[in-house]
There are 2 protein chains.
Amino acid sequence: MEIDKVIHEPARLRIMMILQGVEEADFNFLLNTLGLTRGNLSRHMDKLESAGYIKIKKSFNGKLPYTSYQIMKKGLGALEQYWQNLDQVRKGSDLPAE
Amino acid sequence: MEIDKVIHEPARLRIMMILQGVEEADFNFLLNTLGLTRGNLSRHMDKLESAGYIKIKKSFNGKLPYTSYQIMKKGLGALEQYWQNLDQVRKGSDLPAE
DNA sequence: AAAAATAGTTTGCATTGCAAACAAGTTTGC
DNA sequence: GCAAACTTGTTTGCAATGCAAACTATTTTT
């Protein structure tokens with residue numbers, strides 16, 4: 001049993017928990033909600049996209065760029081698995097000779 | 001609410017969960033149980049000691065050095081707090097405007 | 001038209017996890 | 001009895017990562 005490092009990072013875990021509950025969320029919403037710097041948020045989203053956990057949707061809001069994010073099936077599955085794995089650790093049932 | 005990075009590292013979280021349940025555990029027991037390298041384990045234990053979460057007890061088993069570890073009150077508290085914080089994240093109740 | 005704001009991205013640094021190399025002694029084999 | 005191999009850890013060095021400052025590109029304000 002391996003803890004998923006992509007999800008384990010607290011900022012990304014929070015992002016995944018947010019995305020799990022909504023249709024989609026945009027850059028500024030996440031920024032305000034999480035209190036990260038923009039650079040930091042940008043990198044985290046890249047990482048989540050590289051893992052195939054979210055989709056980045058770029059468009060324009062009027063003339064300004066507008067970026068929003070959507071969790072993907074793979075991301076939902078990974079998130080669920082993550083919590084299950086953590087439950088195992090919590091119960092101690094990840095140790096041999098239980 | 002801040003996730004405790006000292007505990008958050010999966011290897012150290014497992015170590016803390018083990019130490020929580022026993023009087024004390026020695027180096028080789030942790031080594032075999034967790035499947036880390038010796039160097040890696042040594043560093044993790046240093047980190048936990050620096051945080052004041054465990055006590056390192058050095059003695060001799062016959063003529064060979066023998067190192068064992070014991071969780072401290074501060075460590076127990078931090079571990080409990082850690083799980084509480086993670087529960088908050090899980091419930092989404094760490095977000096503003098809940 | 002210059003200055004400030006918006007919306008992100010890229011770069012660079014400091015920290016950290018990890019294993020290889022090292023240290024210090026002990027036991028085994030010849 | 002001494003060299004080789006084992007035990008028990010620690011230290012060193014590298015690669016990856018989180019983080020914020022600096023940058024890009026465009027738009028809005030003054």
Side-chain angles (χ1 to χ4, degrees), chain A residues 1-19 24-70 78 82 85 89, chain B residues 1-19 24-70 78 82 85 89:
Chain A
M1 200 268 299
E2 235 358 80
I3 295 293
D4 185 336
K5 293 292 191 98
V6 174
I7 295 185
H8 196 54
E9 167 63 26
R12 286 193 298 264
L13 178 56
R14 289 190 168 100
I15 291 168
M16 291 293 280
M17 291 305 287
I18 291 172
L19 291 183
E24 61 180 67
D26 63 50
F27 189 88
N28 280 317
F29 173 75
L30 293 177
L31 195 65
N32 295 327
T33 302
L34 299 170
L36 304 171
T37 60
R38 291 194 297 275
N40 199 192
L41 177 57
S42 180
R43 298 269 301 230
H44 284 314
M45 300 321 280
D46 272 0
K47 188 124 197 175
L48 289 172
E49 188 195 30
S50 299
Y53 292 171
I54 66 162
K55 204 167 58 170
I56 303 184
K57 301 166 76 174
K58 292 197 162 296
S59 60
F60 285 88
N61 191 354
K63 299 187 170 178
L64 290 174
Y66 178 80
T67 305
S68 73
Y69 308 96
Q70 196 168 17
Y82 172 80
N85 288 345
V89 174
Chain B
M1 200 266 298
E2 233 1 78
I3 294 294
D4 185 335
K5 291 292 190 99
V6 174
I7 294 185
H8 195 55
E9 167 63 26
R12 286 194 297 263
L13 177 57
R14 289 191 169 101
I15 291 168
M16 291 293 280
M17 291 306 287
I18 290 174
L19 291 182
E24 62 181 67
D26 63 50
F27 189 88
N28 281 317
F29 173 75
L30 293 177
L31 196 63
N32 295 327
T33 303
L34 299 169
L36 304 170
T37 60
R38 290 194 297 276
N40 199 193
L41 177 56
S42 180
R43 297 271 300 232
H44 284 314
M45 300 320 281
D46 271 0
K47 189 124 195 177
L48 288 173
E49 188 194 29
S50 298
Y53 291 171
I54 66 162
K55 204 166 60 170
I56 302 183
K57 302 166 76 175
K58 292 199 161 295
S59 60
F60 284 89
N61 190 354
K63 299 186 169 178
L64 290 174
Y66 178 80
T67 305
S68 73
Y69 308 96
Q70 198 168 16
Y82 172 78
N85 288 345
V89 174

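Order of the sequence lines sets the chain letters (A, B, ...), proteins ahead of strands, with each chain counted from 1.
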In whole Å, what is the span from the [atom1] atom of [X] to the [atom2] atom of [N]?
X      : N       : atom1 : atom2 : value
H8(A)  : dG17(C) : NE2   : C1'   : 12 Å
N32(B) : dT8(D)  : CG    : C1'   : 12 Å
R14(A) : dC19(D) : CZ    : P     : 11 Å
L48(B) : dG17(C) : CG    : P     : 10 Å
L30(B) : dT7(D)  : CG    : P     : 18 Å
F60(B) : dA24(C) : CZ    : P     : 13 Å
L41(B) : dT16(C) : CG    : P     : 18 Å
K5(B)  : dA16(D) : NZ    : P     : 19 Å

Whom does dC30(C) pair with, Watson-Crick or G-U wobble, provided both distances fall under 3.5 Å? dG1(D)
Determine the minimum heavy-atom distance between [X] and [Y], stating which atoms define it.
X      : Y      : value
I18(A) : T33(A) : CD1-CG2, 3.8 Å
I15(A) : L48(A) : CG2-CD1, 3.7 Å
R38(B) : F27(B) : O-CZ, 3.6 Å
M45(A) : L30(A) : CE-CD1, 3.8 Å

Are a donor atom and an acceptor atom from the side chains of H8(A) and D4(A) found within less than 3.5 Å of each other? no
Sugar-phosphate or base contact per nucleotide [nucleotides 4-14 of chain C; S, B, -; heavy atom under 4.0 Å]: --SSBBBBB--
Under the criterion side-chain hydrogen bond (donor to acceptor under 3.5 Å, both in side chains), which of D26(B), N28(B), N61(B) is the partner of Y66(B)? D26(B)
Can you tell me if K47(B) touches the phosphate of dT16(C), counting only side-chain N or O atoms and a distance under 4.0 Å to OP1 or OP2? yes
Would you tell me if any nitrogen or oxygen in the side chain of H44(A) comes within less than 4.0 Å of OP1 or OP2 on dC19(D)?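 Checking dC19(D) against H44(A), a side-chain N or O does come within under 4.0 Å of OP1 or OP2.
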Tell me if a side-chain donor or acceptor on S50(B) pairs with a main-chain N or O of D46(B) at a distance below 3.5 Å.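 Yes: the side chain of S50(B) pairs with the backbone of D46(B).
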